[in-house]
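Every value quoted in this text rests on a predicted model; they were computed, and no experiment measured them.
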Amino acid sequence: MHDLSVLNKPQREAVECLEGPLLVLAGAGSGKTRVLTYRIANLIQHGVAPWNILALTFTNKAAREMRERTEALVSASAADMWVMTFHSCCTKMLRFDADKIGYERNFLIYDDGDQMNLITDILKQMGKNDKNVPKRQIKEMISDAKNMANDPVAYLEESFADDLTIEVFKRYQKRLKEANAFDFDDLLLKVVELLKKNPDVLEKYRKKFKYVLVDEYQDTNAVQYELIELLCREHSNICVVGDDDQSIYGWRGADIRNILDFEKDFKGAKVIRLEQNYRSTSQILDAANAVIKNNTGRKSKTLWTDKKGGEKITYELVPTEREEASYICKTILQNVKNGAKYSDHAILYRMNAQSRVLESTLINYGIPHKVYGGMRFFERKEIKDILAYLRLIYNPNDDVSFLRIVNVPKRSIGDSTLKKLADKAEEMGESLFVAAMDDTGLDSKTASKLRSFTDTMAELMAMCATMPLSLFTEELINHIGYEAYLRSEDKKGETEGRMDNLRELVGNIAEIEKDVDEDSEITALQAFLENVALVSDIDGMNDENDTVSLMTLHSAKGLEFERVFIAAMEENIFPSSRANARLSLDDMEEERRLCYVGITRAKQKLYLISCETRMLFGSYSSNRRSRFVDEIPPELIEMPQPKKQQATLSSFGGSSSALYPQHASAHMLTKKTETVASKPKTAQSPVAKQFSVNDKVRHAQFGEGTVVNVSGTGSTMVVNIHFADGKIKNFAAAYAPIEKI
DNA sequence: CTGTCGTTTATTTTT
DNA sequence: TAAACGACAG
């Protein structure tokens, strides 16, 4: 049996409180996953059947972790428990009963891009595709409405949405249903509808899920709240775990009041606070506490640790974002030299756009790294194209996929052809693909063009049934001549990379195929498409590779690293300019919570960096350092003395004062190279390697090339290398993994 | 229908 | 900066 003595007092209390509503306020790093898993184990220990337990998370990673750790505790297989994300749970419920609310059970899930495409098409049909229509905004409003309420139209009307938005919403919903698709918001909303309209279904799940646990409760929105309430109202065996200070998804509809009002909502709720932090040193924790203290309306809570002392936080002010990146790189190399691993380090930032400079500098220094988030694998054009073929095979009513690929590769099917088809489909009350299959009522030219597509699809559909999905996908790519198409469109030599991605996709499919049970009614295709929709790259994060992690502050929630860099601690970036401009207290407090999340990711050491001047959206801007830096008590931070002489780019030297850097004049920054500017503070650089023009070199990552230019000397030497594949790059000679050959 | 060219606009995005 | 989108000519 598992050993409760590893738990501290409040943890044990939470684990042993099995009945009735329970709110666990779990500060960052206070062992909430441990509490959740031990509590589940304890339920089972007390005779609760695994299939009576539902544990909901937001990420697949959290779900996987909870499942694995629980299984380790209870030895018995926890296969019958539902430990999954809200969206997976709802998908599963809809696979059983979607027919009861007028959908088919082989529905598809539309992601953001699909939603956008659908809205674009709707606007086009309405003759409103001019650029003055704020498509993005309409999409956001639709999503907001679905997150806030179970009657989105009423919500939109009440919030004085314009007529266009309401009309688009209605059509959007109708089109989704015709395509037999749910968007992410619908997965939740429609389950609530299902449960409300079908008392028998509700009863089934109420009986089944006698014990419900919810992770990251502070991030639940109104619909998730309603789902939980529907399932738990009767028995009230609801345990929620969360931290109001880590609520950072308000802009996605998460309602912090859910956690603040839990005790009111569930009468007799027990509240347990986990305030002992096992992650960070007291220096870091004190800083986090000091920052978050500036927020109002929190559940009172003060994290403490017995890891006294530790290294001070380092604050560094550098001239530009390039120096920021090289400062980070050099510090990482220094740490690694002193025995740290690359994977002990994370670089966090407010916006994905910041990752570019960081990444290119990491490459220059030869530091292994991985960028999480940003453009997701499944959002790449080539992947979405091939996926669209698979989706249309799975569900011929999927108009979004149809529109995506009907002319990819080029089949001379453009707007006018599609207009004729859309009219016909409308008349028939059928989807585009179904309408295209039948040429009656179309002129011969239109019909023959469409046939070039439908014939291809028919062949593919027949082929699909005869072979494993991974093999079929390979065949599909060949069959439609996709590589040739890519080449014909390619201007920047991207074809190879895109084909590599497609090979990765095929590999991905093969993986899933392996796990699909031969006899189960779920086909590999369905399992794969569902996986694509519901899984993100951070879910696949593993500790096996020794790499530096780069990600946004948002994506870092739930993770921890020995050493954390937070880049761009600057007003208008972090806190973001929007939070500033709107002067909205709520927005500012959410930014502060984000900062709190960032700080508390660090176990051992935190670095905060800001720039005097930063290239942003194509122009230079100067922002004073973030207010959050100033909210940290000075005794916790090491602030380097303003340096009089920077090694290079000394034009900035005089402009920095320790407190508020004045705006450096932008025109001085015309030099544009991937140059490492400032001199390393200590003699940590490897023996300076000497390069000269025309040297043949080999780079660990990019292969062989020729040095075409050299600038600087010693540790600041930068070499410009022309690689065999045509790429030209700059490297910091002293650090990059290059050698003469 | 397709390619090119200018214009516009830029958080965060667990799912 | 750069990518994404729409206008417009071929």
Strictly below 4.0 Å, N to O, side chains only: are A:Asp183 and A:Lys146 in salt-bridge contact?
yes
Rounded distance in Å - [atom1] ([X]) to [atom2] ([N]):
X	N	atom1	atom2	value
A:Gln137	B:dT11	CD	P	14 Å
A:Arg592	B:dT12	CZ	C1'	17 Å
A:Leu616	B:dA10	CG	P	13 Å
A:Glu589	B:dT12	CD	C1'	18 Å
A:Met351	C:dT1	CE	C1'	13 Å
A:Phe617	C:dA4	CZ	P	14 Å
A:Asp415	C:dC5	CG	C1'	13 Å
A:Tyr349	B:dT12	OH	P	10 Å

Pairs: protein N or O with nucleotides 3-6 of chain B N or O, under 3.5 Å:
none

Just checking A:Lys135: base, sugar-phosphate only, or nothing, at a heavy-atom cut-off of under 4.0 Å?
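A:Lys135: backbone/sugar contact only, no base atoms under 4.0 Å.
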Could you tell me whether A:Gly414 contacts a base, only the sugar-phosphate backbone, or nothing, with contacts defined as non-hydrogen atoms closer than 4.0 Å?
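Here A:Gly414 touches the backbone only, sparing every base.
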My understanding is that only residues two or more places apart in sequence, or in another chain, count here; which of them pass ring pair (Phe, Tyr, Trp, His ring centres under 6.0 Å) with A:Tyr225?
none
Identify all pairs in which a protein N or O lies below 3.5 Å from an N or O of nucleotides 13-15 of chain B, and state each distance.
unit_1, atom_1, unit_2, atom_2, d
B:dT13, OP1, A:Thr552, OG1, 2.3
B:dT13, OP1, A:Ser555, OG, 3.3
B:dT13, OP2, A:Asn352, ND2, 2.9
B:dT13, O2, A:Arg252, NE, 3.3
B:dT14, OP2, A:Arg376, NH1, 2.2
B:dT15, OP1, A:Asn60, N, 3.2
B:dT15, OP1, A:Asn60, ND2, 3.1
B:dT15, OP1, A:Asp539, OD1, 3.1
B:dT15, OP1, A:Asp539, OD2, 3.0
B:dT15, OP2, A:Ser536, OG, 2.7
B:dT15, O3', A:Leu534, O, 3.3
B:dT15, O2, A:His87, NE2, 3.4
B:dT15, O2, A:Arg252, NH2, 3.3
B:dT15, N3, A:Arg252, NH2, 2.8

Passing option when A:Tyr217 is tested against A:Phe86, A:Phe58, A:Tyr249, A:Phe262 for ring-ring contact (aromatic ring centres under 6.0 Å, His included):
A:Phe262
A:Arg380: partners by salt bridge (charged side-chain N to carboxylate O under 4.0 Å, His left out), with sequence neighbours left out
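A:Arg380 satisfies salt bridge (charged side-chain N to carboxylate O under 4.0 Å, His left out) with no other residue.
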For A:Asp439, all residues meeting salt bridge (charged side-chain N to carboxylate O under 4.0 Å, His left out), sequence neighbours excluded:
A:Arg451
Among all residues two or more places apart in sequence or in another chain, which pass the side-chain contact (heavy atoms from CB on, under 4.5 Å) test with [X]?
X	value
A:Glu379	A:Met375, A:Arg376
A:Asp423	A:Lys419
A:Met84	A:Trp82, A:Ser88, A:Cys89, A:Lys92
A:Asn147	A:Ser143, A:Asp185, A:Asn221, A:Arg252

Could I get the full list of side-chain hydrogen bond (donor to acceptor under 3.5 Å, both in side chains) partners for A:Lys61, not counting sequence neighbours?
none
Quick one, A:Thr37 with A:Arg69, criterion side-chain hydrogen bond (donor to acceptor under 3.5 Å, both in side chains). Give me CA distance, side-chain angles, the key distance, then yes/no.
CA-CA 6 Å; A:Thr37 52; A:Arg69 285 171 62 174; 4.6 Å; no
Tabulated below should be each protein N or O lying under 3.5 Å from an N or O of nucleotides 8-10 of chain C; please produce it.
none

Under a 3.5 Å cutoff, is there a donor and acceptor pairing between the side chains of A:Asp443 and A:Thr446?
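On atom types as modelled, these side chains qualify, holding a pair under 3.5 Å.
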Let me know, please, whether A:Thr417 or A:Ala353 comes out on the 5' side of the other along DNA chain B by nearest nucleotide.
A:Thr417
For the CD atom on A:Gln137, are there more than 12 heavy atoms of other groups (residues, nucleotides or ligands in this structure) within a distance under 6.0 Å?
no
Taking Watson-Crick and G-U wobble contacts under 3.5 angstrom, with | marking pairs to another strand and [ ] crossing pairs, the secondary structure of DNA chain B is written ||||||||||.....
For a side chain to side chain contact (heavy atoms under 4.5 Å, CB included) with A:Leu176, tell me which candidate from A:Leu108, A:Asp114, A:Leu118, A:Val400 qualifies.
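Result for side chain to side chain contact (heavy atoms under 4.5 Å, CB included) with A:Leu176: A:Leu118.
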